[in-house]
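See below for the structure under consideration.
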Amino acid sequence: MDQVSSFTDNELVQVVVVIALTLVTGITREEKAAAEHTTAVAGVRTFPIIGLLGYGLTLLYPDNPLPVTLGLAGLCGFLVAAYVHKLGEGKHGITTEMAALAAYLVGALVARDLMWIACSVSVACVMLLQSKTELESFAIRLAPHELGTFVQFLLLSVVILPVLPNADYTQFHINPFRTWVIVVAVSGISYAVYVMQRVVQARHSLLLTALFGGAYSSTVTTVVIAKRSKTQPDPLLYAGAIVMASGVMYLRLAILLWIFSSTLGWTLGPRLIALFAAATLAGYLLTCVGRGCRRAAPMVEDTDARNPLEIGTAVLFAAFFVGVSVVTQLAGRHLGSAGVYALATVIGMVDITPFVLSLTQTAGRSTPLAVAAVAVILCAGSNNLLKGVYALVFGERRAGIAAFVGLIALAAASFLTLIGL
């Protein structure tokens with residue numbers, strides 16, 4: 001009796017879940033039809049019925065896929081007839097019909113006890129149905145070649161990554177699989193920022209340019225903002241934006257460290273987050289001395305950032321990462337911690353990401369954890385010194401001086417976090 005009761009309770013929960021998930025989709029379509037003053041093919045009642053149909057057939061015939069397939073075929077026939085009728089009325093679009101098929105799938109997934117997949121499918125459908133305007137606007141804003149670039153990179157990462165050997169080669173422990181995982185992850189993060197810049201049109205807002213640009217490349221952003229300051233009347237506004245961009249760099253570093261080396265991430269994460277918060281706040285307050293609190297000056301130039309999903313960019317990053325990893329290990333073996341620190345300071349003047357990520361692969365093994373942590377901070381600090389020089393060279397005199405002082409102070413704050421490591 002207890003087993004029967006437990007079984008019945010489980011089925012009751014499943015039925016409720018099917019109705020709840022498909023009901024939300026039905027309400028979404030009803031709202032859309034009401035807003036457009038049209039009649040939906042399926043609505044608030046039909047979607048739950050479709051979901052229950054998929055659930056019931058799957059539950060009745062758990063070992064026989066034919067009834068479920070026939071049920072799906074019958075639903076497709078109904079949806080095709082409804083779509084032909086819609087075309088006769090001069091209407092287009094098959095979103096509702098596809099959502100109905102998804103509702104049937106949700107019911108079948110719940111019957112198979114794949115509850116989390118059913119919930120994910122349902123939530124994804126609702127989000128897609130409600131985001132028509134935003135998605136269409138997003139598609140329009142993307143340059144045509146960028147979608148092709150993304151697809152090309154996706155194919156290469158999905159096809160090539162699984163077949164790369166997950167083994168260490170040479171005395172430097174070069175692992176092709178781990179190297180490409182790092183390339184994919186870093187490129188993916190950079191691409192997300194790259195796309196968001198264009199979607200929200202960050203180049204038309206100085207502060208958005210600083211925040212998104214700092215997440216992509218604080219060095220490039222520093223040069224662009226510094227050049228822009230020469231034609232604007234508010235130098236402190238642009239100096240503050242430069243400091244903010246460098247602050248975001250610390251947040252990016254913290255995320256990368258937590259992803260690829262949890263030990264190094266927890267060692268430096270709190271320090272990096274504190275530096276991020278302090279720099280962004282200080283930069284914002286500096287913009288408020290100018291016109292930042294009243295009106296952010298428009299940023300009309302683009303950062304000229306290269307699409308990070310271009311294959312050439314990804315391969316170049318991989319090669320640079322491997323080269324930096326080899327040089328870092330050689331410095332540690334022959335020059336000790338002093339050699340790693342010197343290398344960190346020098347590389348901070350070039351590109352800190354490959355060096356920091358190479359340390360995540362060796363920290364606690366060939367490179368002592370404390371040495372790796374200090375090297376990351378030294379690298380970030382020296383990078384701020386370089387950006388301070390760029391601000392002086394490319395920026396308006398007052399903006400350059402203010403940004404230089406701010407970045408020197410940020411570098412000093414970075415070095416102070418070495419206390420206790």
Quick check: do Leu101 and Glu97 have side-chain heavy atoms less than 4.5 Å from each other? no
Taking it one step at a time, do Val340 and Leu335 satisfy side chain to side chain contact (heavy atoms under 4.5 Å, CB included)? CA-CA 8 Å; Val340 176; Leu335 301 175; over 6 Å; no
Thr22 side chain near Tyr55 side chain, heavy-atom distance below 4.5 Å: no
Side chain to side chain, Ser218 and Asn383, heavy atoms closer than 4.5 Å: yes
Rounded to the nearest 0.5 Å, what separates atom CG in Leu253 from atom CG in Leu268? 9.5 Å
In the structure I gave you, are the side-chain heavy atoms of Phe47 and Ile27 within less than 4.5 Å of one another anywhere? no
Quick check: do Leu418 and Leu378 have side-chain heavy atoms less than 4.5 Å from each other? yes
Drop me the distance from Lys227's NZ to Tyr390's OH, to the nearest 0.5 angstrom. 10.5 Å
Under 4.5 Å between any side-chain heavy atoms of Thr287 and Tyr238, yes or no? no
Let me have the donor-acceptor pairs involving side chains of residues 343-351, under 3.5 Å, with sequence neighbours excluded, atom names and distances please.
from, atom 1, to, atom 2, distance (Å)
Thr345, OG1, Tyr341, O, 3.0
Asp351, OD1, Thr353, N, 3.4

List the steps and the verdict of side chain to side chain contact (heavy atoms under 4.5 Å, CB included) for Phe321 and Thr179. CA-CA 8 Å; Phe321 169 79; Thr179 298; 3.8 Å; yes
What one should report as the nearest heavy-atom pair of Ala99 and Thr25 is CB-CG2, 4.1 Å
Does Ser414 offer a backbone N or O that forms a donor-acceptor pair with the side chain of Thr417 under 3.5 Å? yes
If you look only at distance, which donor and acceptor atoms sit under 3.5 Å apart when one is on a side chain in residues 396-406 and the other is two or more places apart or in another chain?
from, atom 1, to, atom 2, distance (Å)
Glu396, OE1, Arg398, N, 2.9
Glu396, OE1, Ala399, N, 2.9
Glu396, OE2, Arg398, NE, 3.1

Under the 3.5 angstrom rule, does the side chain of Ser122 hit a backbone N or O of Ala118 as a donor-acceptor pair? no
Does the side chain to side chain contact (heavy atoms under 4.5 Å, CB included) test come out yes or no for Asn384 and Lys387, once each step is laid out? CA-CA 5 Å; Asn384 283 329; Lys387 287 178 290 191; 3.2 Å; yes
Quick check for you: to the nearest 0.5 Å, what is the distance between Gln329 atom CD and Thr170 atom OG1? 8.0 Å
The reported gap from CZ in Phe276 to CD1 in Ile273 (rounded to nearest 0.5 angstrom) is 7.0 Å
Might you point out which heavy atoms bring Leu275 and Tyr250 nearest each other, and give the distance in Å? CD1-CE2, 3.5 Å
Without swapping roles, check the side chain of Ser325 against the backbone of Val322 for a donor-acceptor pair under 3.5 Å. no
Contact summary for Val243 and Ala279, nearest pair of heavy atoms: CG1-O, 3.6 Å
Should Ile117 and Arg112 be marked as a side chain to side chain contact (heavy atoms under 4.5 Å, CB included) after you check the CA-CA gap, both sets of side-chain angles, and the distance that decides it? CA-CA 10 Å; Ile117 298 180; Arg112 296 286 188 182; over 6 Å; no
Nearest 0.5 Å, please: how far is OG1 in Thr360 from CZ in Phe355? 11.0 Å
Could you grab the distance from atom OG1 of Thr221 to atom CE of Met244, nearest 0.5 Å is fine? 11.5 Å
Heavy-atom side-chain proximity of Phe260 to Ile182 below 4.5 angstrom: yes
Would you confirm whether Arg178, through its side chain, and Ile174, through its main-chain N or O, come within 3.5 Å as a donor-acceptor pair? no
Return yes if some donor-acceptor pair links the side-chain N/O of Ser261 with the main-chain N/O of Leu257 below 3.5 Å, else return no. no
Shortest non-hydrogen contact from Leu385 toward Ala411: CD2-CB, 3.9 Å
What one should report as the nearest heavy-atom pair of Pro176 and Leu164 is O-CD1, 3.8 Å
With a 4.5 Å limit on heavy-atom distance, are the side chains of Leu79 and Met98 in contact? no
Answer yes if the side chains of Thr362 and Thr367 hold a donor-acceptor pair under 3.5 Å, and no otherwise. yes
Correct closest heavy-atom pair for Leu57 and Tyr104 would be CD1-OH, 3.6 Å
